[in-house]
Amino acid sequence: MGDTPEDIHHRLWHVLTPGIPREKSQELYSTWAPLYEQDMKTSKYNGPRQVAETLGKALGSGSEARILDVAAGTGFVGEELQKLGFSNLDALDASQEMLDIAKTKHIYKNFILDFLGNRLKIEDDTYDATSCCGAFCEGHVKCDCLEE
């Protein structure tokens with residue numbers, strides 16, 4: 001028997017619990033990773049498509065721009081960017097389990113396991129653009145990371 005809508009709803013919103021520590025949200029992602037894509041598709045999450053389309057309009061679809069997909073997760077935004085002709089993509093995410101799934105899609109050139117907000121080991125001006133979808137929320141990326 002499959003998951004009920006209540007099971008999916010619980011997983012979707014549990015990582016957004018007000019005040020949830022970053023470590024707890026990452027623990028939840030590590031166990032959620034195998035079901036994440038199915039849950040997001042079931043919930044008709046269209047943020048990744050919207051982010052990719054917006055970036056495509058800004059850069060021109062098929063651009064050779066080097067893009068860092070922040071909070072890349074399993075690669076939803078990367079898949080949408082690839083559909084628009086982008087191929088120079090790197091992934092940044094704090095969950096190794098999510099990045100492991102993204103690796104199987106052969107979308108990204110490089111994978112960075114870290115939190116945005118830490119000083120990343122990336123040279124300034126490495127990227128032409130960043131994408132970020134669904135990351136600025138409780139237990140995730142904080143607004144103070146924008147300096148970077």
Side-chain angles (χ1 to χ4, degrees), residues 3 5 8-17 20 22-148:
D3 289 328
I8 295 168
H9 179 81
H10 175 75
R11 285 191 295 269
L12 288 171
W13 293 105
H14 194 60
V15 296
L16 302 175
T17 301
I20 188 171
R22 184 183 277 178
E23 296 77 21
K24 179 65 176 173
S25 75
Q26 291 312 301
E27 179 185 313
L28 292 169
Y29 277 112
S30 70
T31 58
W32 187 20
L35 297 172
Y36 181 81
E37 291 200 6
Q38 173 189 321
D39 287 354
M40 298 311 272
K41 287 175 183 173
T42 298
S43 69
K44 297 180 171 82
Y45 183 51
N46 64 4
R49 181 185 48 77
Q50 293 173 327
V51 166
E53 288 175 357
T54 300
L55 197 53
K57 287 176 186 171
L59 298 174
S61 293
S63 166
E64 289 299 314
R66 187 153 184 212
I67 300 170
L68 178 63
D69 185 6
V70 175
T74 62
F76 276 144
V77 172
E79 287 176 306
E80 295 297 330
L81 287 168
Q82 190 176 54
K83 289 176 188 174
L84 296 175
F86 293 97
S87 61
N88 201 4
L89 309 172
D90 291 346
L92 167 70
D93 201 272
S95 169
Q96 183 64 57
E97 293 80 6
M98 300 290 259
L99 286 174
D100 288 344
I101 293 169
K103 284 179 186 179
T104 67
K105 297 178 178 182
H106 308 287
I107 297 166
Y108 301 105
K109 292 183 177 183
N110 299 295
F111 298 86
I112 303 163
L113 178 65
D114 207 341
F115 284 101
L116 187 64
N118 294 335
R119 177 63 187 151
L120 301 173
K121 295 176 184 162
I122 299 172
E123 293 294 321
D124 290 346
D125 301 319
T126 297
Y127 295 99
D128 300 304
T130 59
S131 61
C132 186
C133 184
F136 288 93
C137 49
E138 294 282 344
H140 293 67
V141 176
K142 296 181 180 179
C143 60
D144 64 359
C145 75
L146 291 176
E147 234 178 90
E148 202 167 338

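The analysis underlying the following values was restricted to heavy atoms, covering all of them including side chains, and did not include hydrogens, waters or symmetry mates. Count residues from 1 along the sequence.
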J.: Show the nearest heavy-atom pair for residues Ala65 and Asp128, with the distance to one decimal.
T.: CA-OD2, 3.3 Å
J.: Residues in salt bridge (Lys or Arg N to Asp or Glu O under 4.0 Å) with Asp124, at least two apart?
T.: Arg119
J.: Nearest 0.5 Å please: distance from the CG atom of Leu81 over to the OG atom of Ser87.
T.: 10.5 Å
J.: Kindly write out the residues that satisfy salt bridge (Lys or Arg N to Asp or Glu O under 4.0 Å) with Glu97, not counting sequence neighbours, or none if the list is empty.
T.: none
J.: Compile the donor-acceptor pairs under 3.5 Å between side chains in residues 108-115 and protein atoms, sequence neighbours left out, one pair per line.
T.:
from	atom 1	to	atom 2	distance (Å)
Tyr108	OH	Asp69	OD2	2.5
Tyr108	OH	Gly78	N	3.3
Lys109	NZ	Asn88	OD1	3.3
Asn110	ND2	Asp90	OD1	3.1
Asn110	ND2	Asp90	OD2	3.3
Asp114	OD1	Asn118	ND2	2.7

J.: Mind listing the closest non-hydrogen atom pair of Val51 and Cys132 along with its distance?
T.: CG2-O, 3.9 Å
J.: Under the side chain to side chain contact (heavy atoms under 4.5 Å, CB included) rule, collect the residues that match up with Thr31, sequence neighbours excluded.
T.: none
J.: Nearest heavy-atom pair of Ala72 and Asp93: which atoms, and what distance?
T.: N-OD2, 3.3 Å
J.: Are Leu59 and Ile67 packed together at the side-chain level, in the sense that at least one heavy-atom pair is separated by less than 4.5 angstrom?
T.: yes
J.: Would you give the length of the straight line joining atom NZ of Lys121 to atom OG1 of Thr126, rounded to the nearest 0.5 angstrom?
T.: 14.5 Å
J.: Going by the rule salt bridge (Lys or Arg N to Asp or Glu O under 4.0 Å), which residues pair with Glu64 if we only count those two or more places apart in sequence or in a different chain?
T.: none
J.: Ignoring hydrogens, what is the shortest heavy-atom contact between Gly60 and Phe86? Give both atom names and the distance.
T.: O-CZ, 3.4 Å
J.: Shortest non-hydrogen contact from Ala52 to Glu80?
T.: CB-CB, 3.4 Å
J.: With sequence neighbours left out, write down each residue that passes side-chain hydrogen bond (donor to acceptor under 3.5 Å, both in side chains) with Gln50, or none if nothing qualifies.
T.: none
J.: Which donor-acceptor pairs under 3.5 Å do the side chains of residues 99-107 make with protein atoms, sequence neighbours left out?
T.:
from	atom 1	to	atom 2	distance (Å)
Asp100	OD1	Gln96	NE2	2.7
Thr104	OG1	Ile101	O	2.6
Lys105	NZ	Glu37	OE1	3.4
Lys105	NZ	Glu37	OE2	2.3
Lys105	NZ	Thr74	O	2.9
Lys105	NZ	Glu79	OE1	3.3
His106	NE2	Thr104	O	3.4

